[in-house]
Amino acid sequence: MNHPRIGIRPTIDGRWGGVRESLEAQTMNMAKSAAKLISENLRYPDGEPVEVVISPTTIGGGGEAAICEEYFAKENVVGTLTVTPCWCYGTETMDLNPNTIKAVWGFNGTERPGAVYLAAVMAAYAQRGLPAFSIYGTEVQDKDGSGITKDVEKKILDFARAAVGVGIMKNKSYVNIGAVSMGIAGSVVNVDFLQKYLGMRTEWVDMTEVLRRINLEIYDPEEYKKALAWVKEYCKEGYDTNAGKQFPEVITKSRFVPDDKQWEFCVKHALIVRDILYGNPKLNDLGWHEEALGRNAIAGGFQGQRMWTDWLPNADFTEAIMASGFNWNGKKMPTPFATENDTLNGVAMMFGWLSTGKAPIFSDVRTYWSPEAVKRVSGKELSGYAKNGIIHLINSGASCLDASAAAKDEKGNGTMKEWWNLTEADIKACCEATDWCRANYEYFRGGGFSSHFKTAAEMPVTMIRVNIVEGVGPTLQVIEGHTCVLDEAVHKTLDERTDRTWPTTWFAPKIGVGAADSVYNVMAKWGANHGATVEGHVGDRLLTLASMLRIPVAFHNVEEERIFRPHSFNGFGTADLEGQDYRACAYYGPLYK
């Protein structure tokens, strides 16, 4: 995987003869402290620590700024963090590279005017049209300190995490297998959005390519045997909604793959889709040189309905296992992979995954249940996080298995973990919490299997959606809340009003903050029929990422004090932060315009 780096720029007062010499050690120690903080706390999506490089010299003027820039150009630097404890010459020391994302940490100490430089260089960045993040601690530190206060730590990490996410996406591909599913607008791929805002290539693969590879056996036969054996051991079959039904001929004659061969087909499908996205050197050994290369993917989606599912097993197993933090080979990096090729929700999954390292959940945003409606149909009242109402997140069996919340944290509570922290016990528990139900033949004539579970823990989560609005462009919705564990009788009553073969997550938004004034309005104002969800309250991380990409956030419930955007956004108004965000993003335009 590409490892974009954070570059640390230690700037300094350029006056030799006592001033500069007295500041060299402290300035470089600030840089080293910031580098250590980032590398010890952040990881790339592949689990490796984020790499940080420091300028080979402190920067007192334009000549040393050029030396730093030349060095960074060779080191795959995507974001620069300028640090200083002192006054420096703003326009002479600033990072002027339009292709890097910028932040400046000015030391808060009255004897050392790092904050004065910070203010001066922020003004310079605003005037030059280069948005930069301002990092200034709330507490005054002693003049010779180089430690990092907690509030500064958070801002440095938020900046670096989001900047690395921007770098990870750049020059990668979103792979669409198939086309538009059932008229869903999100699966009408917007290539301008992917190219200009995310720096990504768009790839298209016809669904017949999967059939070609199945029929010509273009997959690793040894891995296929391993995967099929794993499925037989860990993927137990569940409820069959088709049992005892008499189907019309249009359905019975559409069932192309026999029941006893469906798992074999689904496993081959999963292997092949992964290979299409990422490639596989084993295919090269088998003589399939072009196929071995893959598509340089970071995310993708599968159309499925209806041209595929009307006669072939659905892609639910593939979609669920791609997005999960494990498969038959053990723990693995999740792939944001969209059901029904909803690319905009696939991008939302990708944002959530890049912000957490955890598997993203793909769901229909299905139903708002008010407390009154729940009591009417179940005779019981909602309580706890669910007391103000809940939203039923459910999808056709394609949600990641991590969403069962069967993994355990250090206190024994159910949770979702970064994939690299999953244990063998976690993986086994997630498999045991999931059964695989045969697809409803009335909707999926070709059959297939859906992952079926309920999220069995109360966790902080964040629901995300990317939308495209004519006249505005891309926008982001971010709502924090909690998963809920309902009384079993209530769960059964509500869950079985829809397809009981699909995985369910009960979601209670955090209300009374920002735009989320009620659970009903979260549902009513949601921008599409799908949403992506990740574990943790990470709305602030997503807002920072969106600001780097110039995507305004239309609807969120993140507290104002947690919002971290470029300092120059304040020049677009401060009384209305949502309006400020829209105006700034409209003016600066997409990152790769």
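In this text the structure is predicted, and so the values were computed from the model without any measurement.
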Can you check whether Phe351 reaches Ile551 side chain to side chain, under 4.5 Å on heavy atoms? yes

Hey, could you give me the OH/CG distance between Tyr125 and Asp95, rounded to the nearest 0.5 Å? 4.5 Å

More than 12 non-hydrogen atoms from neighbouring residues, nucleotides or ligands closer than 6.0 Å to CZ on Arg306, yes or no? no

If we ignore hydrogens and angles and just use 3.5 Å, is the side chain of Asp342 paired with the main-chain N or O of Thr339 as donor and acceptor? no

Could Asp151 and Lys154 be called an ion pair, given the rule that one side-chain N must be under 4.0 Å from one carboxylate O? no

Backbone N/O of Val534 and side chain of Trp353: donor-acceptor pair under 3.5 Å: no

Within 6.0 angstrom of Lys525 NZ, more than 12 heavy atoms from elsewhere: yes

Where is the tightest heavy-atom contact between Thr335 and Ala299, given as atom of each residue plus distance? CG2-CA, 4.4 Å

Considering all heavy atoms, the nearest Ala315-Phe302 contact: CB-CD2, 3.4 Å

Pick from Ile479, Thr483, Ile361: which one makes a side-chain contact (heavy atoms from CB on, under 4.5 Å) with Phe507? Ile479

A side-chain contact here means heavy atoms from C-beta on lying under 4.5 Å apart; do Leu194 and Thr343 qualify? yes

Mind checking the CD-CD spacing from Glu480 to Glu559? Nearest 0.5 Å is all I need. 6.5 Å

Parallel under 30°, tilted from 30 to 60°, perpendicular over 60°: which one fits the rings of Phe555 and Trp526? perpendicular

Plane angle bin for Tyr197 and Phe193 - parallel if under 30°, tilted between 30 and 60°, otherwise perpendicular: tilted

Atom OG1 in Thr356, atom CE in Met416: separation rounded to 0.5 Å? 8.0 Å

Taking all atoms of both residues into account, what is the closest heavy-atom pair of Phe133 and Phe564, and its distance? CE2-O, 3.5 Å

Ignoring hydrogens and geometry, is there a side-chain-to-backbone donor-acceptor pair from Lys510 to Val558 under 3.5 Å? no

Within the side chain of Ser355, is there an N or O that forms a donor-acceptor pair under 3.5 Å with the backbone of Leu542? no

Regarding Asn296 and Asn171, do their side chains bring together a donor and an acceptor under 3.5 Å, going by distance alone? no

So do Asp576 and Tyr582 actually touch side chain to side chain, heavy atoms under 4.5 Å? no

May I ask you to decide if Leu96's main-chain N or O and Glu69's side chain share a donor-acceptor pair within less than 3.5 Å? no

Start with the C-alpha gap between Leu344 and Asn467, add the side-chain angles, then the distance that decides, and say whether side-chain contact (heavy atoms from CB on, under 4.5 Å) holds. CA-CA 7 Å; Leu344 294 181; Asn467 301 297; 5.5 Å; no

Going by an N to O cut-off under 4.0 Å, is there a salt bridge joining Asp275 and Arg213? no

Any side-chain to backbone donor/acceptor pair from Tyr174 onto Gly300? Under 3.5 Å, distance only. yes

Rounding to 0.5 Å, atoms OG (Ser399) and CG (Asp364) come to a distance of 9.0 Å

Got a salt bridge between Arg565 and Asp581, using NZ or NE/NH1/NH2 to carboxylate O under 4.0 Å? yes

Is the count of non-hydrogen atoms from other residues, nucleotides or ligands lying under 6.0 Å from Met1 atom CE greater than 12? yes

If you define the side chain from C-beta out and look only at heavy atoms, does anything of Leu42 sit under 4.5 Å from Val164? no

Test item: Asn557 side-chain N/O and Ala516 main-chain N/O as donor-acceptor pair under 3.5 Å: no

Flag this pair as yes if the NZ/CZ of Arg550 is under 6.0 angstrom from the six-membered ring centre of Tyr588 and inside a 45 degree cone about the axis; otherwise no. yes

Answer yes or no: does atom NZ of Lys172 have more than 12 heavy-atom neighbours from other residues, nucleotides or ligands under 6.0 Å? yes

Determine, stepwise, if the pair Leu545 / Val166 fulfils side-chain contact (heavy atoms from CB on, under 4.5 Å). CA-CA 8 Å; Leu545 175 62; Val166 171; 3.8 Å; yes

All heavy atoms of Leu393 vs all of Thr533, minimum pair found to be CD1-OG1, 3.7 Å

What do the steps show when you test Phe326 against Leu401 for side-chain contact (heavy atoms from CB on, under 4.5 Å), and what is the final call? CA-CA 9 Å; Phe326 60 88; Leu401 275 59; 3.7 Å; yes

Salt bridge (charged side-chain N to carboxylate O under 4.0 Å, His left out) test vs Arg295 passes for just one of Glu203, Glu290, Glu209, namely Glu203

Main-chain N/O of Glu48 paired to Asp46 side chain as donor or acceptor, under 3.5 Å: yes

Can a donor-acceptor pair be found, under 3.5 Å and without considering hydrogens, that links the side chain of Lys332 to the backbone of Met322? yes

Given salt bridge (charged side-chain N to carboxylate O under 4.0 Å, His left out), test Asp158 with Lys155 step by step and report yes or no. CA-CA 5 Å; Asp158 283 352; Lys155 288 185 176 180; over 6 Å; no

Please check if the number of heavy atoms outside Glu561 that lie under 6.0 Å from its CD is greater than 12. yes

Worked verdict on Ile54 versus Met28 for side-chain contact (heavy atoms from CB on, under 4.5 Å): CA-CA 9 Å; Ile54 299 176; Met28 193 56 79; 3.8 Å; yes

If you define the side chain from C-beta out and look only at heavy atoms, does anything of Glu51 sit under 4.5 Å from Ser39? no

Answer yes or no: does atom CZ of Arg201 have more than 12 heavy-atom neighbours from other residues, nucleotides or ligands under 6.0 Å? no

Close side-chain approach of Tyr592 to Gln195, heavy-atom, < 4.5 Å: no

What closest approach, in Å, do Leu354 and Ile168 show between heavy atoms, and which atom pair accounts for it? CD2-CG2, 3.8 Å

As a test of understanding, state which of Thr544, Ile101, Thr80 forms a side-chain contact (heavy atoms from CB on, under 4.5 Å) with Phe159. Ile101

Is there side-chain contact between Val478 and Thr462, with heavy atoms separated by less than 4.5 Å? yes

Is the shortest side-chain heavy-atom distance between Met94 and Val104 below 4.5 Å? no

List the atom of Thr11, the atom of Cys86, and the distance in Å for their closest heavy-atom pair. O-SG, 4.4 Å

Just how far is it from atom OG of Ser55 to atom CD1 of Ile8, taken to the nearest 0.5 Å? 10.5 Å

Determine whether a donor-acceptor pair (N or O, by modelled atom type, separation under 3.5 Å) exists between the side chain of Gln303 and the backbone of Ala179. yes

Here the gap from Glu291 atom CD to Leu283 atom CG, rounded to the nearest 0.5 Å, amounts to 7.0 Å

